[in-house]
Amino acid sequence: MIKAKNIHKFYGNLEVLKGVDLSIKKGEIVAIVGPSGAGKTTLLQILGTLDNPAASKNSTLSINNQNLLELKDKSLSKFRNQHIGFIFQFHQLLPEFTALENVCIPAFIGNSSKNEAEKKAKELLFFLGLSDRIHHKPNELSGGEQQRVAVARALINNPDVIFADEPSGNLDSASAKKLHELFFTLRDKFNQTFVIVTHNEELANMADRKLEMKDGKIIN
Ligand code: ADP
């Protein structure tokens, strides 16, 4: 479902990705692990179309057979909105909007009607155990609740894949465990694919596959 070959990235003279190859199947939960500075976030951002790899004739990058390297700004944003969900370490919810409104935003960007978006957002928030929190703003929610709202926001457009960067890095261990279990429930029920950068060993060990990065390369 995701295929990347020979991905390079430079910041100035610093080569932070040195030819990464990977292939991820639908319904897989893949953890990317490795020391700080190994290039994990950079790789995730490139897979998620938030950043570009170095231009090279030998590089390929596709999600669901769509070649991402040929898409330009507008079509890339559209593809990202329709096919990719993101979860970050810090929830990145908009503080002035409620949980429900935050979850609806990607649907509105994708031109869903208010009714449609709210119906789907409520279904997701209910499914994630947040039915009594939908009209709360992020600062009225616990860290675990904020992250589950971020999961609902990532899911609202039925993405092919969710990319998560240290999703439990800011949570206490009980909330982290609950969030990790949620990822596996979503995979089991909806065949949701996840690619997760994490330092959390428990999560990495639960994953179907662990890709280890070091010095800009995948080493296993
Ligand atoms: P990891 O996620 O494994 O900690 P990163 O992908 O964040 O690693 O970073 C890989 C390397 O790239 C690090 O040396 C980091 O300092 C460098 N780097 C990351 N982003 C930038 C940037 N925007 N400009 C310059 N260097 C960067």
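Remember, it's 1-based here, ligands and their atoms both numbered in the order they're listed.
The aromatic ring centroids of Phe184 and Phe194 lie 6.0 Å or more from each other.
With hydrogens left out, the protein atom closest to atom 7 (O) of ligand 1 is Thr41 CB, 3.7 Å, a heavy atom. At the top of the distance list for atom 24 (N) of ligand 1, counting protein heavy atoms only, stands Tyr11 CD2, 3.5 Å. Scanning the protein for heavy atoms near atom 3 (O) of ligand 1, the closest one is Lys40 NZ, 2.8 Å. Distance from atom 8 (O) of ligand 1 to its nearest protein heavy atom, with residue and atom name: Gly39 N, 3.1 Å.
A salt bridge does not link Lys120 to Glu116: none of the charged nitrogens lies less than 4.0 Å from a carboxylate oxygen. Contact check on Asp165 versus Lys40 returns no salt bridge, with no Lys/Arg side-chain nitrogen under 4.0 Å from an Asp/Glu carboxylate oxygen.
Proximity annotation for atom 6 (O) of ligand 1: of Thr42, Val197, Leu17, Asp51, Thr42 comes nearest, heavy atoms only. In the candidate list Gly37, Ala38, Gly216, Gly37 is nearest to atom 4 (O) of ligand 1, counting heavy atoms.
The side chain of Val16, and not its backbone, has at least one atom closer than 4.0 Å to an atom of ligand 1 (non-hydrogen atoms only; side chain from C-beta on).
Near Pro35, meaning under 4.0 Å from one of its heavy atoms, ligand 1 places the atoms 3 (O).
In Asp188, the CG atom is crowded: over 12 heavy atoms of neighbouring residues, nucleotides or ligands sit closer than 6.0 Å.
Ring geometry for Phe183 versus His180: interplanar angle of 30 to 60°, hence tilted.
Less than 4.0 angstrom separates atom 15 (C) of ligand 1 from none of the non-hydrogen atoms of the protein.
Not a single N or O atom of Leu14, backbone or side chain, sits closer than 3.5 Å to an N or O atom of ligand 1.
Note that the CD atom of Glu101 and the CZ atom of Arg153 stand 13.5 Å from one another [nearest 0.5 Å].
Hydrophobic clustering, defined by side-chain heavy atoms of Ile, Leu, Val, Met, Phe, Trp and Tyr closer than 4.5 Å, leaves Ile219 isolated from every other such residue.
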